[in-house]
Chemist: 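I have a structure I would like to understand better, so I am pasting it below and will then ask my questions one at a time.
Only heavy atoms go into these numbers, but all of them, side chains included; no hydrogens, no water, no symmetry mates. Every chain is numbered from 1, with letters handed out A, B, ... down the list of sequences.
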Amino acid sequence: MPSPAVVQEIDSLRERLDSWNYQYYVLDQPTVPDAEYDRCLRRLVELEREYPALLRPDSPTQRVGAAPLERFRQVTHEVPMLSLDNAFNEQDMLDFNRRLQDRLGDGEAPLEFACEPKLDGIAVSLLYRGGVLERAATRGDGSTGEDITHNVRTIPSVPLRLRGEGYPQVLEVRGEIYLPRAGFEQINARARAQGEKMFVNPRNAAAGSLRQLDARITATRPLEMCCYGVGLVSGGDLPAQHSAVLARLQQWGLRINAESLVVQGIEACDEYYQRLAARRDALPYDIDGIVFKVNDLALQQRLGFVSRAPRWAIARKFPAQEEMTRLLDVEFQVGRTGAITPVARLEPVFVGGVTVSNATLHNSDEIERLGVRLGDVVVVRRAGDVIPQVVSVVLERRPPDARPIVFPASCPVCASPLERAEDEAVVRCMGGLVCAAQQKAAIRHFASRRAMDIEGLGDKLVEQLVDEGLVANVAGLYHLQREQLLALERLGEKSADKLLAALERSKHTTLPRFIFALGIREVGEATALALARHFGSWEALAGASEEQLLAVSDVGPVVADHLRQFFDSPSSLAVVAQLREVGVSWPDLELAGAADLPLAGQIWVVTGKLEQLGRDDATAQLQALGARVAGSVSARTTCVVAGPGAGSKLGKAVELGIEVIDEGALLALLARHGMAP
DNA sequence: CTACCTCGAGCTCA
DNA sequence: CTCGAGGTAG
């Protein structure tokens, strides 16, 4: 039984260590020598070992890294983690400001903005319950991420317990986990010394560190966390301004960015941007832009969101980084639809934090526009997650032997003729399913997770199967024999059996998956689902007329045409027949009855300003009732919803004698069909 | 588009 | 030990 003196000593040690941690990591003011800190930590470890009953999960000793995990658990963000709209120049910023003032309608007085650098790291969410760190998660797709609590616990600037008081019972803090440049140098120096693989940039090093199953490895990486906002908050109140919320977070022991500043008006935002851009290289961490947020939370609430980003914030990105390199070769790739894409093979060059060796040249127009030749020195641009681009040619450095790039006259894979559709920039191989490149792409797509989900059928295997002549179309997959597979390189008994089992499993599928898997042009996951729901069975879909196809929401003339082409092609239908023959099957869908989709087949147009619903919501709700919402009025339009400020569309509707209703009538109609206002 | 982690399997060599 | 596949991140 520990004596009260021991309990008191443990408490006192923890308090001191927490406080020093706070001073050091959150306030950036070291207060005690490292030796003193270490001495106290060792003493605490010793006492906790002696009295395990006194061990707490939020003790400063509990950061070293727990035993390895089996796998990452999925977590759901109750408040989704959104992304930010981007601005690339001062004009974008002025547009942003204009949108804010128009929407708020409070006049032209300068708005107050909270500014801070956008750290280049990994976005995470920390959940504190009763002030104790309960869970840390990655952003993931915004609604679900991965549980990385075990790794985040090892980061010294993340408090395991909030300091002080007054924090809400449940507080979700959001921020960026990143590796300061010095830390990056340090772990790379260590890796070099031990002959291990080095990281290419701090962001990837941070991401890699957080993806460790073994937190003991994470603990050796000097990661930091910087907070920039909150998510879920309950059982307590926060201040009414963003900047004040951040200040409060800092009091509670969370690190916030030292450069954070509140300014008045959009011009001051530009000054802040210019000032920080000038200091960018001198900062101890990488940043890829500046974030500006409307500081007043009440205004934020009035502004709301557009699909996946708040209207009240914007990230102004720094100009993309550019480097020069040499164009070694141009390869012409053939895609799933036969589209021929020229891809530049470049002398590898380090730009924007990664080594770029490939860049798409899009099409022949682009090659012409650039006037680029093989062997040319070119400028390559890359910004953050943006796909690298060939920007221009350095003509002064053109070698005398630079050769023009010849666009192939026939398909580089199957030699079939090429065709360029009217008003399209892309050139396509007309070989269709006889083209090995298109066969491979079709099979890859068919096997992919969102389609038939055939595990173990990766790119390399598809390559082998087609090259060996074992499979020429997706139906051929189901005729593969075990012996044929075993004859392939690097494919043993286990892999073969696994693949065969996966193929067998994939035979039981669903109609939307199957439609999507066929790879019909312009028919993605969403369209496939809409088609399946609308027709309910393959037969109904395959037999549908152009007009019937057009009645499906999201299906326009282009998609309808591609669908008809597929159903009119004997070879395509033959593949489908073969698939069904080998046992690919799915349950037919319950047809969405007239009661479920009262507006099915109707075409609506929304124009003018909708005061209560907003155009986006109105569109979504109409679509949910089965209507197709079009952008312009035509003779086929069923009904027009017109709000104040409606212009030519309203005029056209009246001209054509189409029914016009106002927002009130729309709300009544939605209410009649059980839609929430 | 690039980079990173993890896993299982296959290959290689002792 | 190396490779391929499958997943993540920005």
Side-chain angles (χ1 to χ4, degrees), chain A residues 68-75 81 83-84 86 118-125 137-142 144-148 151 176-179 184 187-188 191 196-215 217-218 221 223 286-289 315 317-318 320-321 333 341 343-346 348-362 380-390 444 447-450 453-465 485-499 501-502:
Chain A
L69 251 53
E70 283 284 308
R71 58 187 177 84
F72 293 104
R73 282 204 333 264
Q74 293 282 114
V75 299
M81 291 181 81
S83 44
L84 287 180
N86 289 326
K118 186 174 193 300
L119 302 196
D120 198 7
I122 317 296
V124 295
S125 136
T138 61
R139 196 179 88 94
D141 63 4
T144 44
E146 283 178 328
D147 187 328
I148 50 165
N151 287 331
E176 200 84 354
I177 289 180
Y178 63 99
L179 195 56
F184 172 69
I187 62 173
N188 262 358
E196 287 164 7
K197 243 183 80 194
M198 310 217 304
F199 292 102
V200 286
N201 61 41
R203 199 185 55 71
N204 281 330
S209 303
L210 287 179
R211 289 202 51 72
Q212 296 289 339
L213 289 173
D214 188 346
I217 299 176
T218 313
R221 311 275 169 85
L223 297 168
D286 282 358
I287 63 178
D288 57 357
K317 296 299 192 92
F318 290 123
Q321 299 187 46
Q333 285 182 354
T341 311
V343 177
R345 299 277 173 239
L346 305 163
V349 60
F350 196 71
V351 46
V354 300
T355 307
V356 171
S357 39
N358 306 311
T360 173
L361 289 170
H362 301 108
V380 175
R381 174 191 294 167
R382 203 194 99 104
D385 51 352
V386 180
I387 295 161
Q389 258 186 306
V390 175
R444 275 199 297 270
S448 67
R449 206 159 62 92
R450 295 170 175 285
D453 193 16
I454 305 171
E455 224 178 289
L457 189 54
D459 292 3
K460 281 284 149 85
L461 188 50
V462 171
E463 191 87 4
Q464 281 190 79
L465 291 173
L485 291 173
L486 291 176
L488 295 174
E489 232 174 285
R490 279 197 75 88
L491 204 140
E493 299 201 4
K494 282 231 179 191
S495 305
D497 289 339
K498 271 194 158 179
L499 177 62

Chemist: Whole Å only: how far is the CD1 atom of A:Ile148 from the C1' atom of B:dC4?
Modeler: 14 Å
Chemist: Measuring to OP1 and OP2 of B:dA9, would you say a side-chain N or O of A:Lys498 lies under 4.0 angstrom away?
Modeler: yes
Chemist: For B:dC4, take OP1 and OP2 only and decide whether either is under 4.0 Å from a side-chain N or O of A:Gln212.
Modeler: no
Chemist: Need to verify one output field. Residue with the more 5' nearest nucleotide on DNA chain B, A:Ala207 or A:Ser357?
Modeler: A:Ser357
Chemist: Please tell me which of A:Leu213 and A:Glu493 maps to the more 5' nucleotide of DNA chain B, matching each residue to the nucleotide holding its nearest heavy atom.
Modeler: A:Leu213
Chemist: Would one find more than 12 heavy atoms of other residues, nucleotides or ligands at under 6.0 Å from atom CD of A:Glu455?
Modeler: no
Chemist: Between atom CG in A:Leu499 and atom C1' in B:dG10, what is the gap in whole Å?
Modeler: 16 Å
Chemist: Give one of base, sugar-phosphate or nothing for A:Gly353, where a contact means two heavy atoms less than 4.0 Å apart.
Modeler: nothing
Chemist: Could you tell me how far apart A:Met198 (CE) and B:dC5 (C1') are, to the nearest whole angstrom?
Modeler: 19 Å
Chemist: Describe the nucleic acid contact of A:Thr360 in one word from base, sugar-phosphate, nothing, applying a heavy-atom distance below 4.0 Å.
Modeler: nothing
Chemist: If you compare all heavy atoms of A:Gln212 against all heavy atoms of A:Asn151, which two are closest, and at what distance to 0.1 Å?
Modeler: O-ND2, 2.8 Å
Chemist: Measure across A:Lys118 and A:Ala315 and return the closest heavy-atom pair with its distance rounded to 0.1 Å.
Modeler: CD-CB, 4.0 Å
Chemist: Quick one: is A:Ser495 getting a side-chain N or O under 4.0 Å of the B:dG10 phosphate, OP1 or OP2?
Modeler: yes
Chemist: Identify the two heavy atoms, one from A:Leu210 and one from A:Ile148, that lie closest to each other, and give their separation to 0.1 Å.
Modeler: O-CG2, 3.6 Å
Chemist: What are the two closest heavy atoms between A:Ala320 and A:Arg381, and how far apart are they?
Modeler: CB-CG, 3.2 Å
Chemist: Taking all atoms of both residues into account, what is the closest heavy-atom pair of A:Ala502 and A:Ile454, and its distance?
Modeler: CB-CG2, 4.1 Å
Chemist: Can you tell me the distance, in whole Å, between the CZ atom of A:Phe184 and the P atom of B:dA3?
Modeler: 12 Å
Chemist: Considering every strand and a 4.0 Å limit on heavy-atom distances, what is the contact class for A:Ala123: base, sugar-phosphate, or nothing?
Modeler: sugar-phosphate
Chemist: Tell me: CG of A:Leu488 to P of B:dG10, nearest whole Å?
Modeler: 12 Å
Chemist: Earliest and latest nucleotide of DNA chain C, 5' to 3', sitting under 4.0 Å from a non-hydrogen atom of chain A?
Modeler: C:dT2 to C:dG10
Chemist: Could you check how far CG of A:Asn188 sits from C1' of B:dA3, rounded to whole Å?
Modeler: 13 Å
Chemist: Quick one: A:Glu455 CD to B:dC7 P, roughly how many Å, whole number?
Modeler: 14 Å
Chemist: Within the supplied structure, the quantity of interest is the number of heavy atoms (other residues, nucleotides, ligands) at a distance under 6.0 Å from A:Glu489 CD; does it exceed 12?
Modeler: no
Chemist: Is A:Asn358 close enough to B:dT2 that one of its side-chain N or O atoms is under 4.0 Å from OP1 or OP2 there?
Modeler: yes
Chemist: Main chain of A:Phe199, side chain of A:Asn188: is a donor-acceptor contact present, judged purely on distance under 3.5 Å?
Modeler: yes
Chemist: Heavy atoms only, 4.0 Å cut-off, all strands: where does A:Arg449 land among base, sugar-phosphate and nothing?
Modeler: sugar-phosphate
Chemist: Would you indicate what A:Phe72 reaches in the nucleic acid, counting non-hydrogen atoms under 4.0 angstrom: base, sugar-phosphate, or nothing?
Modeler: nothing
Chemist: Rounded to the nearest angstrom, tell me the gap between atom CD in A:Glu489 and atom P in B:dT12.
Modeler: 10 Å
